[in-house]
Protein chains: 2
Amino acid sequence: MKQVFKDSGVAISEKKKTIEGNAGPVRDRLLDTAERLFSEHGFEGTSVRDLASAAGCNIASVNYYFGGKEKLYEEVLRRHLIPMTDIRIASIDKVMAQSNGKPELEVLLRAFANAFIEPLADEARASRFMKLMAREMIDSNLPSDMFVKDVIIPTMTAMRTGLVKACPGLDESKVPLIVHSVIGQLVHAVHSERMLEQAKAADIPKFELAKVIEHIVKFSAAGIRAYAREKSE
Amino acid sequence: MKQVFKDSGVAISEKKKTIEGNAGPVRDRLLDTAERLFSEHGFEGTSVRDLASAAGCNIASVNYYFGGKEKLYEEVLRRHLIPMTDIRIASIDKVMAQSNGKPELEVLLRAFANAFIEPLADEARASRFMKLMAREMIDSNLPSDMFVKDVIIPTMTAMRTGLVKACPGLDESKVPLIVHSVIGQLVHAVHSERMLEQAKAADIPKFELAKVIEHIVKFSAAGIRAYAREKSE
DNA sequence: GAAGAATTCAAACAAATGTTTTAAGCTGTC
DNA sequence: GACAGCTTAAAACATTTGTTTGAATTCTTC
């Protein structure tokens, strides 16, 4: 028999007052705490007891609400992954619509770069969830290929079709490589910022995110045009 | 009193015949096994018992030879990290020397790209160690900042000085950003190859490493020249 | 306010963790 | 062959792990 676990039910009842500090119902507190601890110490590095005590609830709550540590982890990712991907794709679609399907290359790149990083912009939650994503890229604690299927592929395809329309003179076989280059720069930007901040590396300058994005736009646009020129000659 | 643990001693005694299969002395077998298991399941995901049974030795050996699981992990990384970094830097220096300190941009980039990926070229060991490095970037199990100090910074500085000489008309304040872009592409190339292979993603084409490198060289060279042009105007 | 459901709690579970201990085995030297 | 030193071995160590249990408590509903 399949057991069903409780959702927060906040939309239905809404009777629980949010007690400041440990706000909200236990289920939500657990989700927030899990997002923080999982991203800080990884899945295996976070114990159910850590979670419970940080969320200010009993150990059994994890199993009561989610049916286990693993299911909780899935829930944490599911809560953000899909919305995040949707934002990125929507942002591309918007640019496409505003430019009658033929946007200027820089505009498209800028929109994508912003959409890629923006969901991670609000400092606190940002680096936490990015850490989680980075972990997930390395060894998935997720069932099957949810991460690749629901995040990577949709994002890449949206960017791919966008690029083809922005640069009609582009060899389509090269587009996937180009998308990889852009995404690689973006991922690395977020990564290295995090990595270099924890080790206070005096030798390596710190960048403002806005300047990094403008650089990536300019750098990538030039790289792409190199291909477009070549084709049109 | 500080305890000293045994090294392999293979250079001194060389008396133990390598028993095929589990070849070499226990200490070396443990190092190899640890490299594999740590990269596959992470530090916390690998138990001392896993290590011992995979290496075909007793549980106590880990403590006997290395003084603990943590020390073994350090040793595994130390064994490859520094040599790897040296190869990369040497490769850049070589190009600089061969071109009297003013290499063609594409040549420099190609040398760097190859040196970056080549140590990871021999399939088996490659992805294993790259996985380890990726893990290390996310949460360091290493003491202090060994990774950033011994790997990241030296590599970046070498590339930085190389770039400045290859492109005299380059705004030096932009060089760090450019280096980030190149490294970001390279890291992502290795990453995504691994990630997408485990999830058999039919939608995303697989690339030959050689072609990826040539793409990154071309793409980046164009991006860099965009800056160089701007300055010289 | 009482019945019944939903939630919280402390305690206990078996299994797995890294490390230590103590004894046995091995190797080379005299 | 006996001694010494290094290496391996099995067992036990104390913790910690995720999960389950069953009773206590709180909340909801009538």
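The model shown is predicted, which means the values in this text are computed figures rather than measured ones.
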**Report entry** Distance in angstrom units between B/F66 CZ and C/dT19 P, rounded
**Finding:** 13 Å
Requested in this report: Tell me, please, which residues at least two apart from B/S47 pass side chain to side chain donor-acceptor pair (under 3.5 Å).
Outcome: B/D50
Query raised in the report: Rounded to whole angstroms, how far apart are NZ on B/K69 and P on C/dT20?
Result: 15 Å
Query raised in the report: Quick one: A/D28 CG to C/dT7 C1', roughly how many Å, whole number?
Result: 15 Å
Requested in this report: Starting at atom CG of A/L37, determine the distance to atom P of D/dT17, rounded to an integer number of angstrom.
Outcome: 12 Å
Query raised in the report: Got a second to check how far A/L109's CG is from A/F219's CZ, nearest 0.5 Å?
Result: 12.5 Å
Query raised in the report: Between A/L51 (CG) and D/dT19 (P), how many Å, whole number?
Result: 11 Å
Query - Whole-Å gap separating P (D/dT8) and CG (B/N63) - result: 14 Å
Query raised in the report: Hey, does B/F116 have a side-chain heavy atom less than 4.5 Å from the side chain of B/V182?
Result: no
**Report entry** Interatomic distance, A/E44 CD vs C/dA16 P [rounded to whole Å]
**Finding:** 14 Å
Report task. Would you indicate, yes or no, if D/dT16 has its OP1 or OP2 atom less than 4.0 angstrom from a side-chain nitrogen or oxygen of A/S47? Result -> no
Query - Nearest to side-chain heavy atoms of B/V48, which nucleotide of C/dT19, C/dA10, C/dT7 - result: C/dT19
Requested in this report: Name all residues meeting the side chain to side chain contact (heavy atoms under 4.5 Å, CB included) criterion together with B/S61; count only those two or more places apart in sequence or in a different chain, and write none if there are none.
Outcome: B/V26, B/L30, B/C57, B/N58, B/Y65
Query raised in the report: Are OP1 or OP2 of C/dA10 and a side-chain N or O of A/N58 less than 4.0 angstrom apart?
Result: yes
Report task. Find out whether A/H180 and B/H188 are in side-chain contact, i.e. whether some heavy atom of one side chain is under 4.5 Å from a heavy atom of the other. Result -> yes
Detail all sub-3.5 Å separations between protein N/O atoms and N/O atoms belonging to nucleotides 12-14 of chain C.
none

Report summary line: In terms of heavy-atom contacts, B/S91 and B/A111 come closest through OG-O, 3.4 Å
Query raised in the report: Distance check: side-chain N/O of A/Y65 vs OP1/OP2 of C/dT8, anything under 4.0 Å?
Result: yes
Report summary line: Heavy-atom closest pair (B/S220 atom, B/Q185 atom, distance to 0.1 Å) is OG-NE2, 3.1 Å
Report task. May I have the distance from A/F43 (atom CZ) to D/dG18 (atom P), rounded to whole angstrom? Result -> 8 Å
